[in-house]
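See structure below.
Order of the sequence lines fixes the chain letters, A, B, ..., with proteins taken first and strands second; residue numbering starts at 1 for each chain. What you see is a predicted model; the values in this text were computed from it and never measured.
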Amino acid sequence: MQHILSDIVFNNTNCGLIIIDKMGNIVDVNQWFLQHCRCEKEQLLNHSLLDCFAFDNERTIKRSLDQATQYGMSSFISGALHPRLFPLFTRTNNFSEFMEQSCYVKSITFDNERYALFQIQNVTDSVNRECLLKIKSKELSIFSLAVKHSPSAVVITDALGIIEYINPKYSEITDYESHECIGRPYFSLGRHANNEKVEVDIWRMLEQNKEWTGERSNLTKSGNKYWANEHIYPIVDNNDNVSHYVAMQDDVTQFRNISRKFSYQAIHDALTGLINRQEFEVILSNTVDGRSNDNEVHSLCFVDIDQFKIINDTCGHVAGDELLRQISVLLGQHCNDDETVARLGGDEFALLLYGHDLSQGKLVCEMLIAAVESFRFRWNENVFKIGISIGLTEINSQSTSYIEVIKQADSACYGAKDAGRNRYHVYQEDDQMLAQRKDDTYWATKINGALELGQLTLYAQPIVSLQNRGKISYEVLIRMLDEDGNLIPPGVFLPAAERFNLSHRIDQWVIDNTLAWMYKHHDEISHIDHISINLSGLSLSNESLLQYIIKAIKTNKVEASKISFEITETAAIANLTHAKLFISALNAYGCKFALDDFGSGLSSFAYLKNLKVDMLKIDGMFVKDMLNDPIDEAMVKSINDVGHLMGMETIAEFVENEAIRDRLEEMGINYGQGYGLGKPVPIDGILTATTEII
Amino acid sequence: MTADIFTEDYCDTLCELFNIGMGRAAVSLSEMVDDEVLLTVPSLKAVDFNTALSIFNTNSPGKVNAVEQSFEGQFSGNAFLFFNDESSLQLVRSILGEDSWSSELGEMEQEALKEVSNIILNACFGCIADILSCELESGVPGLITGEINEVFDIDRLCIGDEPLVLTLSMTFSLPSKKITGQVSLIMASESIKRLIAELERFTTLYV
């Protein structure tokens, strides 16, 4: 019975069993094996195992057989190293395929004889599963390597934002090692005061299963700030639940620095480092539009460097640039950090004074003018005194737009220049002069009209000899009459004439009328030494005007020696070549030349060597205060000394009283001119020579 | 009983026998992988069970893959060949010629490790049985994966009193790698005495 049961078990086992004797012959084989090898039992029994099947690796079979039957050793023959050891087939879905097997060879003893029991297991499913697993794991490995070696930092967190994985790039950027991050909330790393708010936004997006993309600054382990372009997205499982979040970061710190540099350049002036016009307009626009209440006022200043062109023309652009730089530093030093200083272009600067009303703005203007006045610009051997003109306007509830405010400050700046430069002018809505000045053609029309309608008239002011009480001379001055016959002082319309290129026409009118007057009164001016006529800078380069004067001298038979021309120092220097030609041409006819306002602008004695002038007119600014200011007095004295040394006569302007006159006389100044010596009078008034000479 | 009874002389003799066995195993493996494989056993030591455990813990910390085979006959015990995780992977993948995409041994790789270890262990016993002319029977190999303490679990082994451990390091020299594994025979003191007796008989006859 037992024997039969063993047979039943033997033939019903779900694995292949073959019993081999010492000789290598098959003693028994079970049903499972027969079924899968498609052989009849008779074909195998009592046949040598090695003869029955063609084995790929016969040696392995033989070794296992020997070890089992001779030494009692059991072996294992794996499917991995010996695929398809026996030619067995498996049947699934009517499709027959080779069976993958693994085989135990167990030594068994029966009747003192050793046998080898081959126990063959079907591992086809395992092998297939393994193959599939290998493909999948290879695929996964590639993905995980891709993440590991990603040039972007990658962090994977669980659904609560707790870090489960960081890749090496994240460590590289942040200096955090993997073990320092895992288990910590993602946002706790790199958090600082300014990025906490963003966290809230990010979570809001993520909680809606949306991804978040943006640029965010974080801190590294050592506390350094870096900027990352960050992309955080949820991973949703099959049940639509968020299982993980993936955060990817690209370090854009360097890129931001470069772009910051570019944006810096886009809004700053390269020369001075101040913000440029475009940016200033943006800031101004925001300031004008952004006023929160009616009480909020600001002040806007337009600053223009007086006579900047002359420095640029005479010393070169490098000097001009340097001056701009130094002035920009000066402006910066006298402004608070919260005030905006900009260079609008050329020699124009602008200041936006937040929270300053006009009275506070005025104080700033005064301070700036004083600062620039005491500043000296040194270039090579030369030292220049600089002045600025400032236009000031208030930004208040009446300010409609930034363009309007700019126009106001610009007009006010012109106002400051017209009023004599080196000062500030406050824009006012009811300021008629500036209102008219808004119209560029106003003065052009006015001057043209005056020239045509004869609304110009000549005045003369005496120039008195201080030394020998000799003959008197006169400077011819021009006045304009308005429609009502009121006098318009030259300070109002001459700067405008210059700006609108009309000064040479005025010059021509003055020359024309003066020479005609001299011709007409030829016999009545014998008591006059000479008549002095002012020439503007533009006239010096006007060839036709020169010819016109020569012709006039010739035709009117006026004594050229009775004519003198006054050229301002700045005009002469700015047009040096033309000035020299002009002077030498008229010198030849016997005309005299005087350098006007000497000392006011750039005063370089070196220029005197190049300009053959007969007289130096010492700027009135030094003269009027010379009794109180020893520096002014020294200036007057030194100009006088140098002038004399160079063979020039000297004339002092602004001689307002007798004390000054006495001092000038004492110093050896040749001539004096001023209210103290004689006020300007209509030109006919000098014929009778009744002007009272003090 | 202490490990002292297994003197240095016995160690040397047994080591020689194992090296003969290793030579045979190397031939089998070389045939199988169609490339040269060298196996050597430089030294053998006898230690008590607890000492063996602490040595293994120091030398192979972490997870190990061990192939275990029991043997019975004139002397009996359990034989182990174990590798640490990395060595197992290196060995199997060198033999199978596979890429290493995973850091875990796959099912088929475990089978291969079992076969290779079986060849080595059988070669050792076969040699002893052959040369010492004694009766031995070995069981089929099984793979155990885990910490050293789990592999050498004294309750599971049912090894008898005061077991001794004969431990030998063995080196696989594959064309591109050198991999070290550890062979251990754990035997009850009675079995050790019988082994010593066999070794003595052998030395009297041949040395």
Side-chain angles (χ1 to χ4, degrees), chain A residues 56-83 85 100-109 112 114-119 121 123-145, chain B residues 21 24-25 27-34 67 69-74 79 92-93 95-143:
Chain A
D56 277 346
N57 200 335
E58 220 177 83
R59 283 199 182 111
T60 304
I61 301 281
K62 209 165 175 310
R63 189 189 64 234
S64 306
L65 264 177
D66 285 351
Q67 284 182 344
T69 53
Q70 289 178 29
Y71 304 110
M73 302 283 125
S74 298
S75 304
F76 177 67
I77 305 171
S78 72
L81 290 168
H82 308 279
L85 185 71
E100 305 293 341
Q101 314 140 40
S102 68
C103 179
Y104 287 97
V105 184
K106 179 93 178 75
S107 174
I108 52 173
T109 309
N112 289 326
R114 273 191 176 134
Y115 296 88
L117 170 65
F118 280 70
Q119 186 182 321
Q121 287 174 334
V123 292
T124 313
D125 290 344
S126 297
V127 170
N128 289 344
R129 199 167 53 234
E130 182 90 358
C131 282
L132 197 69
L133 199 68
K134 216 170 266 181
I135 292 166
K136 289 282 175 201
S137 72
K138 190 169 173 178
E139 214 172 81
L140 268 177
S141 295
I142 291 168
F143 290 145
S144 76
L145 283 175
Chain B
R24 292 181 187 176
V27 172
S28 304
L29 287 174
S30 297
E31 282 168 7
M32 243 167 60
V33 301
D34 212 12
V67 175
Q69 246 180 296
S70 61
F71 55 93
E72 271 175 50
Q74 275 166 294
V92 170
R93 285 176 188 167
I95 287 169
L96 293 176
E98 283 181 351
D99 305 328
S100 54
W101 283 109
S102 162
S103 59
E104 300 275 324
L105 276 182
E107 209 173 329
M108 299 313 284
E109 288 170 335
Q110 289 183 3
E111 297 243 299
L113 184 67
K114 203 156 82 177
E115 181 171 350
V116 170
S117 304
N118 170 244
I119 290 170
I120 292 160
L121 292 173
N122 274 2
C124 295
F125 297 126
C127 207
I128 293 169
D130 193 12
I131 293 167
L132 299 183
S133 303
C134 57
E135 285 292 316
L136 270 185
E137 264 186 27
S138 79
V140 289
L143 182 77

By a 4.5 Å heavy-atom criterion (distance strictly below it), what part of [X] contacts chain B: side chain, backbone, both, or neither?
| X | answer |
| --- | --- |
| A:Ser64 | neither |
| A:Ser75 | both |
| A:Ile77 | both |

Next on the checklist: With a 4.0 Å cut-off on N to O distance, would you call B:Glu137 and A:Lys106 a salt bridge?
Outcome noted: no
Next on the checklist: Do A:Gln101 and A:His82 pair up side chain to side chain, a donor and an acceptor below 3.5 Å, judged on atom types alone?
Outcome noted: no
Checklist entry - Do you know which of A:Arg114, A:Gln119, A:Arg129, A:Gln70 has the most heavy-atom pairs with chain B at a distance under 4.5 angstrom? => result A:Arg114
Checklist entry - Who wins among A:Ser78, A:Ala68, A:Ala80 for the most heavy-atom pairs under 4.5 Å with chain B? => result A:Ser78
Can you tell me if [X] uses its side chain to pair, donor with acceptor, with the backbone of [Y] under 3.5 Å?
| X | Y | answer |
| --- | --- | --- |
| A:Ser74 | B:Ser138 | yes |
| B:Asn118 | B:Pro141 | no |
| A:Thr124 | A:Glu100 | yes |

For [X], which atoms come within 4.5 Å of any heavy atom of chain A: side chain, backbone, both, or neither?
| X | answer |
| --- | --- |
| B:Leu113 | neither |
| B:Gln69 | side chain |
| B:Leu96 | side chain |

Checklist entry - Which residue pairs pass the salt bridge (charged side-chain N to carboxylate O under 4.0 Å, His left out) test with at least one member in residues 73-83 of chain A, sequence neighbours excluded? => result none
Next on the checklist: Does anything in residues 120-132 of chain B form a salt bridge (charged side-chain N to carboxylate O under 4.0 Å, His left out)? List the pairs, not counting sequence neighbours.
Outcome noted: B:Arg24-B:Asp130
Next on the checklist: Counting heavy-atom pairs under 4.5 Å with chain A, which one of B:Val116, B:Ile95, B:Leu136 comes out on top?
Outcome noted: B:Leu136
